[in-house]
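Structure record follows, encoded as structure tokens.
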Amino acid sequence: MLVSTGLFFCGLLMLMLGGDSAVKGLAGMSQRLGLSGFKTGVLMMLFATSIPELVVNAYAIFNGHSEIALGNAIGSNIVNIGLTLALAAISTPMLLGMRSLALQIVFLLVATGAVLFFGFDGSLQRWEGGFLVLVFIAVVFVTLQRANAESIAVQKEVADVFETHTSPTMNTIRIVVGSAILFFGAKLVIDAAPVIGFSLGFGPLLTGLTIVAIGTALPEVVMAILAARNGKANLVAGMVLGACLFNLLFIAGAMALVNPVLIPASFVGFDLPAAMAFTLTLYPILGGDLRINRNEGFILFALFLSWLGFELFKVWA
């Protein structure tokens, strides 16, 4: 147990370092191809910041841990809103000015509802997975189309974070090295997580839903708190919503495209509705003033603790 926990956290550190290297490489390549720093940032917020989760899930699926991958894909959305966004708001109240965020909340509700609807028969079929992936592509297209409507201040805030060297050689090295580190980090996490989960009485699904989802989110929590304290609230919210959309639409969809995914009744009955409830909570919080204050951050965090407590109660009671 102690060795597995150490390996798990070593894996998380490798995922953070590898993800950072890969994102910088992709951002540099994107700008080399002619995208502005701002539009590059929009793309990175939509998918690149979730690269560690993608690599972890891909490794899990191809090594016979599909339940862990499914749990991580859904659990990450609850963790992103109830932990990452909540702790960022608790550390520093956030005022948002990015117009596309409201549309992304709508997309996220639709995505959660679609996965919930598809899961009623107990599985996510290949055509349903393909539909989810196509919807994610549409989300990317619409978000990029609306990017020019953002204020100069918002564009500068995002561009400042993602502008980087555009040297093809440097960025190829960044991507290759980052991918290698991500692979070995994912291996450590997925090899260690079942051991930790078993010692706590967790099945593979709950291990992915809690241990892996929370663990892979910890680097994002640190980044979100630092970004919020540096006045980059739009970046925090954009990364959280983008990661949620990527998890539900692309990762879950791609999983089903590779092989139909079994959806347990517990997911349809509790976890997917919980993910939708967290998304719905953002509407009254962001309504009107587009501000997430500390009290609202505490509300999100309390909801997260309640969800986690209920998951643990089902196992340990």
Side-chain angles (χ1 to χ4, degrees), residues 12 15-24 26-27 30 37-56 72-73 75-105 107-108 111 136 139-140 143-144 146-147 150 154-164 178 213-251 275 278-279 282 285-286 290 292 297 300 304:
L12 294 181
L15 289 175
M16 181 180 67
L17 296 174
D20 182 64
S21 177
V23 167
K24 286 180 178 177
L26 290 169
S30 174
F38 171 63
K39 287 195 173 182
T40 294
V42 170
L43 278 178
M44 296 300 104
M45 287 190 293
L46 279 172
F47 72 90
T49 50
S50 290
I51 284 177
E53 284 90 345
L54 175 62
V55 177
V56 165
N72 184 35
S76 290
N77 280 24
I78 296 173
V79 173
N80 280 330
I81 296 174
L83 186 65
T84 305
L85 188 62
L87 293 183
I90 290 170
S91 70
T92 307
M94 297 187 293
L95 179 63
L96 307 175
M98 197 169 183
R99 297 180 181 180
S100 62
L101 294 177
L103 184 60
Q104 287 185 15
I105 295 175
F107 280 135
L108 184 54
F136 180 74
V139 168
V140 173
T143 304
L144 285 175
R146 294 172 62 91
E150 302 292 354
V154 168
Q155 293 190 35
K156 184 177 186 305
E157 176 186 331
V158 175
D160 285 348
V161 174
F162 290 100
E163 283 183 346
T164 186
I214 294 172
T216 54
L218 291 179
E220 294 173 18
V221 171
V222 175
M223 289 174 56
I225 291 174
L226 292 175
R229 295 182 70 87
N230 286 317
K232 300 188 181 299
N234 295 294
L235 179 69
V236 174
M239 287 171 57
V240 165
L241 292 175
C244 289
L245 286 166
F246 187 77
N247 288 331
L248 270 180
L249 293 173
F250 188 85
I251 293 182
F278 273 91
T279 307
L282 294 177
I285 287 177
L286 294 176
L290 292 177
I292 307 178
L300 288 174
F304 169 75

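When all heavy atoms are compared, the tightest approach of Pro52 to Leu15 is CG-O, 3.8 Å. Looking at every heavy atom in both residues, Ala88 comes nearest to Ser91 through O-OG, 2.7 Å. Residues Phe136 and Leu245 share a closest heavy-atom pair of CD1-O, 4.1 Å. The two residues Ile292 and Ala89 make their nearest non-hydrogen contact at CG2-CB, 3.5 Å. Nearest heavy-atom pair across Gly297 and Ala86 is O-CB, 3.4 Å. Of all non-hydrogen atoms in Val236 and Ala224, the two that sit nearest each other are CG2-O, 3.4 Å.
In this structure, Ser76 contributes its side chain and Asn72 its backbone to a donor-acceptor pair below 3.5 Å. Formation of a donor-acceptor pair under 3.5 Å by the Asn247 side chain with backbone atoms of Ala243 is found in this model.
From Phe107, atom CZ reaches atom CG of Leu249 across 9.5 Å, with rounding to the nearest 0.5 Å. Note: Met98 CE to Leu241 CG = 10.0 Å, rounded to the nearest 0.5 Å. Put simply, CD1 on Ile214 and CG on Leu12 are 11.5 Å apart, with the number rounded to the nearest 0.5 Å. Summarising the geometry, atom CD1 belonging to Ile90 is positioned 8.5 Å from atom CD1 belonging to Ile225; distances are rounded to the nearest 0.5 Å. A distance of 9.5 Å separates CD in Glu157 from CZ in Phe38, rounded to the nearest 0.5 Å. We find the NZ-OG1 distance between Lys232 and Thr92 to be 13.0 Å, quoted to the nearest 0.5 Å.
Looking only at side-chain heavy atoms (C-beta outward), Glu53 and Glu220 come within less than 4.5 Å of each other. Side-chain contact between Met94 and Leu85 is present, with at least one heavy-atom pair separated by less than 4.5 Å. Looking at heavy atoms from C-beta onward, Asn80 lies out of side-chain contact with Phe278 at the 4.5 angstrom threshold. Residues Phe246 and Ile251 are in side-chain contact: their nearest non-hydrogen atoms beyond the backbone lie under 4.5 Å apart.
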Please assess Val158 against Met44 for the test side chain to side chain contact (heavy atoms under 4.5 Å, CB included), listing each intermediate value before the final yes or no.
-> CA-CA 10 Å; Val158 175; Met44 296 300 104; over 6 Å; no
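Within a 6.0 Å sphere centred on CE of Met16, other residues, nucleotides and ligands contribute more than 12 heavy atoms. The number of heavy atoms from other shown groups lying within 6.0 Å of CZ (Phe250) does not exceed 12.
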